[in-house]
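Shown next, in structure tokens, is the structure this report addresses.
All heavy atoms count here, side chains included; hydrogens, waters and symmetry mates do not.
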Amino acid sequence: RLRKWQERIRTKDAGERNLQFALSEIDRMASALGVPRSVREVASVIYRRALDEDLIRGRSIEGVATSCLYAACRQEGIPRSLEEVSDVSRVEQKEIGRTYRYVAQELKLKMEPVDPKQYVPRFASELELSEEVQSKANEIIDVTAEQGLLSGKSPTGYAAAAIYAASLLCNEKKTQREVADVAQVTEVTIRNRYQEQIEAMGIH
Amino acid sequence: MVDPKETINIENVVASTGIGQELDLQSVAMDLEGADYDPEQFPGLVYRTQDPKSAALIFRSGKIVCTGAKSTDDVHQSLRIVFDKLRDLNIQVDDDPEIVVQNIVTSADLGRTLNLNAIAIGLGLENIEYEPEQFPGLVYRLDDPDVVALLFGSGKLVITGGKEPDDAKEAVDKIVSRLEDLGLLE
DNA sequence: AGTTTACTTTTTAAAGC
DNA sequence: GCTTTAAAAAGTAAACT
């Protein structure tokens with residue numbers, strides 16, 4: 001019985017250590033991403049739920065922790081792309097993506113698709129674009145998405161194209177490369193989305 | 001208006017069978033022209049037929065997987081070619097090995113563009129998977145028939161996981177009526 | 001900038017690690 | 001879980017011309 005007791009303590013300690021590691025990783029990655037403390041709290045809650053539901057079996061602690069942070073950013077309305085999240089994690093992007101889908105499905109997180117507008121303030125401020133450009137970009141996103149242009153497109157590329165278009169329309173031009181760099185998409189993607197959006201807007 | 005069911009096209013049929021005899025894949029690889037065999041990478045030997053086009057994965061146990069065919073008839077035709085090639089190598093092959101269709105991949109067109117965002121909400125976020133950052137298609141799993149549908153913004157879709165051609169027709173019917181009920185078609 | 005090639009998702013069997 | 005095979009859908013990406 002002493003052996004069983006020791007084993008239980010050992011298991012409990014290991015579990016505690018793992019949880020501590022996961023939470024400290026969430027904290028480290030959240031800091032690196034510059035997201036507010038509330039997002040870390042949400043990520044921690046999701047991680048504990050994943051732990052309770054035994055979703056970590058067969059998966060790496062850091063993969064689940066990173067996925068929880070990705071989900072938390074989205075739930076809080078300040079999304080980080082999988083590429084941005086993988087940049088601060090030692091888990092590869094593909095693994096984060098599939099673990100996130102698994103956790104979201106199992107915990108029934110009912111994650112809504114990311115609204116490209118949620119990327120506008122951050123990308124625009126990194127590009128030092130005015131409030132006027134941001135409003136224009138938001139308008140472009142709303143009007144073109146309403147016409148069905150958003151289906152199947154990545155939110156970052158969509159936001160990047162709208163910001164590029166808005167910067168031209170407001171005479172605060174940024175190059176496709178500058179916008180592509182902050183959004184972490186290619187110029188080709190911006191070009192393709194831009195053409196569609198401008199046509200749908202009726203070429204202002 | 002075209003019935004979406006009439007746009008259904010079988011794109012791939014996967015089937016399994018067996019010759020009822022164990023094989024020495026090393027010697028089969030030596031004698032069979034065009035055979036790819038790298039046991040370090042994968043335990044099966046790959047043999048491709050040209051007409052009909054398909055790929056057969058032949059295993060040491062004598063079991064065979066055929067994939068790439070465009071119809072169940074093509075699967076039988078391809079496997080007949082594989083069986084005869086093995087017989088040419090003086091390998092005993094059962095007279096009429098049972099061939100089991102394991103998966104049918106189908107494509108179709110609903111004829112209207114889709115607002116995947118609205119469909120995701122309409123079908124229920126807990127019933128679908130839609131992550132355009134990772135893949136442009138919306139994943140919708142059906143219970144009856146037991147298949148998986150991938151819906152795209154263009155209105156085109158892929159049905160996979162079915163065991164018989166009619167599974168795709170049933171699936172398309174159910175998807176169309178569900179989208180119509182939700183007012184998300186046209 | 002346009003083309004080609006390639007990877008993302010789903011399904012499914014097989015044998016082995 | 002992975003490895004391999006085929007196929008479609010549409011988006012994204014990288015390497016070339």
Side-chain angles (χ1 to χ4, degrees), chain A residues 57-60 81-83 93-95 97-98 101-102 150-158 160 176 180 183-193 195-196, chain B residues 7-18 22-23 25 36-49 52-71 74-75 78 99-110 113-114 116 129-142 146-163 167-168:
Chain A
R57 238 176 229 184
R59 265 162 265 272
S60 74
S81 67
L82 284 172
E83 190 174 347
Q93 187 177 320
K94 193 173 159 183
E95 177 64 17
R98 65 170 58 162
R101 278 181 284 148
Y102 176 70
L150 179 57
S151 284
K153 269 76 164 210
S154 102
T156 48
Y158 208 86
Q176 292 181 355
Q184 291 185 288
V185 296
T186 63
E187 294 168 270
V188 179
T189 295
I190 292 190
R191 225 171 277 137
N192 292 336
R193 296 302 135 254
Q195 291 295 347
E196 291 177 354
Chain B
T7 68
I8 293 176
N9 190 31
I10 294 178
E11 306 288 356
N12 184 24
V13 177
V14 183
S16 60
T17 186
E22 292 231 341
L23 290 169
L25 295 183
D36 287 334
Y37 182 49
D38 183 0
E40 303 279 315
Q41 192 175 77
F42 188 68
L45 178 154
V46 182
Y47 180 73
R48 293 177 170 80
T49 61
K53 193 182 165 199
S54 77
L57 306 179
I58 305 171
F59 298 88
R60 177 195 47 73
S61 62
K63 291 188 176 180
I64 300 173
V65 171
C66 178
T67 183
K70 293 284 183 190
S71 68
D74 282 357
V75 168
S78 292
I99 295 172
V100 180
V101 173
Q102 303 286 356
N103 180 29
I104 296 179
V105 183
T106 300
S107 66
D109 191 349
L110 297 180
T113 59
L114 304 174
L116 298 183
E129 253 189 14
Y130 177 47
E131 291 294 331
E133 184 182 350
Q134 299 186 55
F135 186 69
L138 182 153
V139 184
Y140 185 39
R141 289 163 204 281
L142 304 187
D146 187 12
V147 299
V148 173
L150 306 177
L151 307 177
F152 297 87
S154 64
K156 293 188 176 175
L157 65 152
V158 170
I159 306 282
T160 185
K163 302 257 186 227
D167 287 342

Does dT11(C) have OP1 or OP2 under 4.0 Å away from a side-chain N or O of Lys163(B)?
no
Give Thr160(B) one of three labels, base, sugar-phosphate or nothing, depending on what nucleic acid heavy atoms sit under 4.0 Å from its own.
base
Touch check for Arg59(A), heavy atoms < 4.0 angstrom, all strands: base, sugar-phosphate only, or nothing?
nothing
Show me the side-chain donor-acceptor pairs of residues 40-49 of chain B shorter than 3.5 Å, one per line, residues at least two apart or across chains.
{"from": "Arg48(B)", "atom 1": "NH1", "to": "Asp36(B)", "atom 2": "OD2", "distance (Å)": "3.2"}
{"from": "Thr49(B)", "atom 1": "OG1", "to": "Pro52(B)", "atom 2": "O", "distance (Å)": "2.7"}
{"from": "Thr49(B)", "atom 1": "OG1", "to": "Ser54(B)", "atom 2": "N", "distance (Å)": "3.3"}
{"from": "Thr49(B)", "atom 1": "OG1", "to": "Ser54(B)", "atom 2": "OG", "distance (Å)": "2.7"}

When you check the gap from the basic side-chain N to the acidic O, do Lys153(A) and Glu196(A) get nearer than 4.0 Å?
yes
For DNA chain D, which residues in residues 57-66 of chain B have a heavy atom at a distance below 4.0 Å?
Leu57(B)
Ranges pairing with ranges for DNA chain C, where each run has three or more Watson-Crick or G-U pairs under 3.5 Å
C:1-8 with D:10-17, C:10-17 with D:1-8
Establish, with yes or no, whether the OP1 or OP2 oxygen of dA13(D) is under 4.0 angstrom from a side-chain nitrogen or oxygen of Thr189(A).
yes
Check every strand shown and say whether Val185(A) touches a base, only sugar-phosphate, or nothing at a heavy-atom separation below 4.0 Å.
sugar-phosphate
Give Ser54(B) one of three labels, base, sugar-phosphate or nothing, depending on what nucleic acid heavy atoms sit under 4.0 Å from its own.
nothing
Heavy atoms of Val147(B) and Gly161(B) approach each other most closely as CG1-C, 4.2 Å
Using a heavy-atom cut-off of 4.0 Å across all strands, would you classify Val148(B) as base, sugar-phosphate, or nothing?
sugar-phosphate
Quick one: label Gly44(B) by what it contacts on the DNA or RNA (base, sugar-phosphate, nothing), any heavy atom closer than 4.0 Å.
nothing
Could you check how far CD of Glu131(B) sits from P of dA9(D), rounded to whole Å?
23 Å
Is Arg57(A) touching bases, backbone alone, or none of the nucleic acid, heavy atoms closer than 4.0 Å?
nothing
